[in-house]
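A short write-up of the structure that comes next.
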Amino acid sequence: MKAKVIWLLLSCLMIAALLLVSCAPATPPEEEKPAPPTEEKPAPPTEEKPAPPKEEKPAPTVEGPKYGGIFVDSMTVDPSYFDEGAAPHIYWCWTLQLTNEELVMGDWAKGPTGSGEASFLYIMPTEAKVLTGELAESWDIPDEDTLVFHIRQGIHWHNKPPTNGRELTADDVAFSLNRLWTTPTAYHCGAYPWKEHFEELNGGPWIEATDKWTVVFKCKPGKAGSVFVMAADHAKIFPRDAVEYYGSMKDWRNAIGTGPFMLVDYVAGSSMTFERNPDYWMKDPLHPENQFPYLDGVKRLVIPDMSTRLAAMRTAKIDLLGAYYTAVGWEDATSLLQTTPELKYLKYVPSGTTILYWRIDREHFSDKSVRRALSMAIDRHEIADTLYGGTDAILTWPALDVPEFSDVYIPIEELPESTREVYEYHPDTAKQLLAEAGYPNGFKTSVVCYQAQVDLLSVVKDYWSRIGVDLELDVKEYAVMASIRAKRSYEQCYMWGAQNTIPFRFVESRPGSVLNLSMINDEKMNTAYAEIQAAWRYREKQGKLMKEITPYILDQCYELQFPVAAVYSFWWPWVKGYSGEIVMGYANYDDYHGYLWLDQDLKEEMTGRR
């Protein structure tokens, strides 16, 4: 089987997602060599002469950002939606990352291109010290259940009817967020029901514009932390008049935002074209005298086939390959580095863990002994070596082993023995556990999956057959599989993924969550979740509580986890102001375009074209 096929699974997973854990050195720019020191020869003994003075040379000029050029990258599929209110997740709305903005975001000046305090690699709640205001100039938390956002003045919508470049106001913000929490098709409405998170105001969530520049949120006790993340760092803002005029923003031609780029063309199956917003408000935090954006525009090509994307990168048809949506697997990365060594690159463990979910409200899987047996029947190290080219990322959930979660992550060797053995290969123990649970001859079960998952699941099928369990692969088209997931109409198991950089959210185990695919309702975990959410303003306390509950979560075997292979991002040296950033905050996927600039002289030198 081809590990390359397995990578397609990983690259499709969302729950794709947010510090650098293993960074291969990018190709460094050629350093200017200092002039050799002037040789000082001793004067002849008969005549003393002073040594000639060293030539004073001016310090090298540091070249600053330049304006102009079209940045080209690629996507694997077309955007599914152009309106977050109609989308099951912002993940499917590729274009909004360039055209619309949120209340807060990660501070670029504190990322790897700046001070290095944050990597901006993963989907994760951004710590306050590396957050900055975007549409919100500032915010207050007057009490544990109240959030107040002060909207930045002087921000204008794209100059398109019916909004016609008018100024953004607090009313737009309150309208947009109320719409997300009360529209059944929106992610916010399903994943974070407003009646569980907000006090009520006029029959809806208490999201109120109290004046032209102020928005107030009144939250249910213990829910302000969730609301802050979902409202401030996980929701694009739309103009109220445009939404009311068009009825929705589903048509790409109606796209209006405050972002650095305007969507001007979309050809299904081919490309998205963006032009520079001439009225954009933000200045470069690293060069405050400069107005963003530097680029004249962005072109996003739809290239489903990985080999075609690699060829486009090798021939400089695209400027970047990787980041959130098109990360490169280890096999393809090895090939690309051999053929195109001048590329810059970043190697990292992605923010998505491959998981087989089994319904614990069904026969077989309601028994913890059965779940443990099925987990111990899998040789994860063999999978890592044969399918992923070797990886140390064996246990990557509920928290990824990255510096941000150094206070949360527990290595396998430090887990209690009963929990540790779940991640070890013990087929004989697995057979014994099944026999004790009443299945001495095993049983039959099935898993809903799509084609890219078949190779890995074929390995699982083989392992399980050795302990008498017959696994049927129920392969579906991707769209059908998504529908089955939404309706929870799979009978036994479902193959998907999990985010491993948002452990405090409990999205895979919280009752009511759309991503709770194992149908978990564990009182001990529910209590831990409530305590962690109540401590949302105190990161150290959250970390302590999460570390305490993690061994229990893993010991229950509510999901079957697999190893995770490292992935890569590549970019050409003429892409400047970029160091591999992917997520500028909690859900700001690919929001880095507004910060980039192109060294067109270098590009012409390397390729012979601009």
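- Classification of Arg300 and Asp73 as a salt-bridged pair holds, one side-chain N sitting under 4.0 Å from a carboxylate O.
- Residues Arg152 and Ser138 bring no donor and acceptor atom of their side chains to less than 3.5 Å of each other.
- Inspection of the Ser226 and Gln533 side chains reveals an N or O donor paired with an N or O acceptor under 3.5 Å.
- Checked for salt-bridge contact, Arg309 and Asp332 miss the test: no charged N lies under 4.0 Å from a carboxylate O.
- Checked against the 6.0 Å centroid threshold, Tyr294 and Phe71 do not count as a close aromatic pair.
- In this structure, the ring of His89 has its center no less than 6.0 angstrom from the ring center of His188.
- With sequence neighbours excluded, no residue satisfies ring-ring contact (aromatic ring centres under 6.0 Å, His included) with Phe405.
- Under the ring-ring contact (aromatic ring centres under 6.0 Å, His included) criterion, Trp574 pairs with Trp572, sequence neighbours left out.
- With ring centers used as reference points, His593 lies 6.0 Å or more from Phe274.
- Considering Leu96, Leu263, Thr99 as possible partners of Phe82, the one that fulfils the side-chain contact (heavy atoms from CB on, under 4.5 Å) test is Leu263.
- Arg539 and Asp407 are joined by a salt bridge, as a carboxylate oxygen and a charged side-chain nitrogen come within less than 4.0 angstrom of each other.
- Under a 4.0 Å N-O distance rule, the pair Lys218/Glu208 does not qualify as a salt bridge.
- When all heavy atoms of Ala235 and Leu180 are compared, the closest pair comes out as CB-CD1, 3.6 Å.
- The two atoms that bring Gly154 and Glu167 nearest to each other are N-OE2, 2.6 Å, heavy atoms only.
- Aromatic ring centres of Tyr595 and Tyr578: separated by at least 6.0 Å.
- Gln561 and Arg380 share no side-chain donor-acceptor pair at under 3.5 Å.
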Does the salt bridge (Lys or Arg N to Asp or Glu O under 4.0 Å) test come out yes or no for Arg179 and Glu84, once each step is laid out? CA-CA 10 Å; Arg179 178 173 176 254; Glu84 190 176 1; over 6 Å; no
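- Between Gly106 and Leu131, the shortest heavy-atom contact is N-CD2, 4.3 Å.
- For the pair Asp83 and Lys236, the salt-bridge criterion is not met [side-chain N within less than 4.0 Å of a carboxylate O].
- For Lys541, the NZ atom counts as loosely surrounded, since its 6.0 Å shell holds 12 or fewer non-hydrogen atoms of other residues, nucleotides or ligands.
- A salt bridge links Glu548 to Lys544: one of the charged nitrogens lies within less than 4.0 Å of a carboxylate oxygen.
- Defined by atom type and a distance below 3.5 Å, a donor-acceptor pair is missing between the side-chain atoms of Asn516 and Ser509.
- The two residues Val148 and Thr214 make their nearest non-hydrogen contact at CG1-CG2, 3.7 Å.
- The residue from Trp206, Phe198, Phe217, Trp194 that alone fulfils the ring-ring contact (aromatic ring centres under 6.0 Å, His included) condition with Trp181 is Phe198.
- Take Phe175 and apply the ring-ring contact (aromatic ring centres under 6.0 Å, His included) test, not counting sequence neighbours, and it matches no residue.
- The one candidate from Glu101, His156, His158 that meets the side chain to side chain donor-acceptor pair (under 3.5 Å) condition with Tyr280 is Glu101.
- The number of heavy atoms from other shown groups lying within 6.0 Å of CD (Glu413) is above 12.
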